[in-house]
Amino acid sequence: MRLTAILLTLLAFMAGCGTGTPGATVEFDEGLEKTIGELARSGGSRPLKELAPGDWTSVQVLTGPASGARIEREIGRPVTVEGDGTHGGDYVQDGNLLVFDRDGGTTRMVSLGNLAALGEGKYRADVVLQARGGAITMTDPDGRPAGR
């Protein structure tokens, strides 16, 4: 009986110790899409962490359409691509796909639909979206170009 309890505890612990899921279901975030689109039109700057809160430390921004193989190459590990804006393991939208990570694992995947306002690259959680003349650049908090 005691051995069974120890084994169950060990299995539960091991299940929770992964580096994240091989993928999170892609979700279309209409609120984030509208906020980023409005920022591009009106100008100004906003930290991405403020617009997309959550438990993440980096984000990989891609522009679709993007094959599942390309997404895996960009993030550097296997990932399952399914959900909003996907078909057959590929991201089929024309807009940005944001892959939020923590500790080498995907915590969230967000589609911005047909909005492709963000530059491709990998960025830290403190990245700031800086809008000028209808375009958005990704900067460090001090205003220097970020990522890539």
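What you see below is based on every heavy atom in this structure, not just the backbone, and it leaves out hydrogens, waters and symmetry mates.
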For Val127, which residues count as a side chain to side chain contact (heavy atoms under 4.5 Å, CB included) partner, sequence neighbours excluded? Leu48, Tyr123, Met138, Ala146
Judged by modelled atom types alone, do Thr106 and Arg77 share a side-chain donor-acceptor pair under 3.5 Å? yes
Pair Glu33, Phe28 - check side-chain contact (heavy atoms from CB on, under 4.5 Å), show working. CA-CA 8 Å; Glu33 182 258 347; Phe28 172 62; 4.2 Å; yes
Does Arg144 use its side chain to pair, donor to acceptor, with the backbone of Thr139 at less than 3.5 Å? no
Criterion side-chain contact (heavy atoms from CB on, under 4.5 Å) on Arg124 and Thr57, from CA distance to verdict: CA-CA 6 Å; Arg124 298 183 328 223; Thr57 55; over 6 Å; no
Value for CD (Glu27) from CG (Leu32), rounded to nearest 0.5 Å, stands at 9.5 Å
Met109 to Ala24 - nearest heavy-atom pair and separation: SD-O, 3.1 Å
Is there a path of hydrophobic side-chain contacts, each under 4.5 Å between heavy atoms of I, L, V, M, F, W or Y residues, that connects Leu112 with Val128? no
How close do Ala52 and Arg108 get, heavy atom to heavy atom, and via which atoms? CB-NH1, 4.4 Å
Do NZ/NE/NH1/NH2 and the carboxylate oxygens of Asp29 and Lys34 come within less than 4.0 Å? no
So, taking the atom named CD in Gln130 and the one named CD1 in Ile136, what distance separates them when rounded to the nearest 0.5 Å? 9.5 Å
Heavy atoms of Ala131 and Ala40 approach each other most closely as CB-CA, 4.1 Å
With side chains defined as the heavy atoms from C-beta onward, is the minimum distance between Gln60 and Ile71 less than 4.5 Å? no
Give the intermediate values and the outcome of side-chain contact (heavy atoms from CB on, under 4.5 Å) for residues Ile36 and Leu129. CA-CA 9 Å; Ile36 291 173; Leu129 308 184; 4.0 Å; yes
Under a 3.5 Å distance rule, please check whether Lys49 uses its side chain to pair with a backbone N or O of Gly54 as donor and acceptor. yes
Can you confirm whether Asp101 sits close enough to Val59 that some side-chain heavy atom of one is under 4.5 Å from a side-chain heavy atom of the other? no
Please collect all salt bridge (Lys or Arg N to Asp or Glu O under 4.0 Å) contacts where either partner lies in residues 55-68, sequence neighbours excluded, each pair once. Asp55-Arg102
Output side-chain donor-acceptor pairs under 3.5 Å for residues 88-99, partner residues at least two apart or in another chain, one line each.
{"unit_1": "Asp90", "atom_1": "OD1", "unit_2": "Gly68", "atom_2": "N", "d": "2.8"}
{"unit_1": "Tyr91", "atom_1": "OH", "unit_2": "Asn96", "atom_2": "O", "d": "3.0"}
{"unit_1": "Tyr91", "atom_1": "OH", "unit_2": "Ser111", "atom_2": "OG", "d": "2.8"}
{"unit_1": "Asn96", "atom_1": "OD1", "unit_2": "Ala117", "atom_2": "N", "d": "3.0"}
{"unit_1": "Asn96", "atom_1": "OD1", "unit_2": "Leu118", "atom_2": "N", "d": "2.9"}
{"unit_1": "Asn96", "atom_1": "ND2", "unit_2": "Leu62", "atom_2": "O", "d": "3.4"}
{"unit_1": "Asn96", "atom_1": "ND2", "unit_2": "Thr63", "atom_2": "OG1", "d": "3.2"}
{"unit_1": "Asn96", "atom_1": "ND2", "unit_2": "Leu118", "atom_2": "O", "d": "3.1"}

Give the minimum heavy-atom separation between Arg70 and Ala66, together with the two atoms involved. NH1-CB, 3.4 Å
CG (Asp103) and OG (Ser58) are apart, to the nearest 0.5 Å, by 9.5 Å
Do Thr25 side-chain atoms and Glu82 backbone N/O form a donor-acceptor pair below 3.5 Å? no
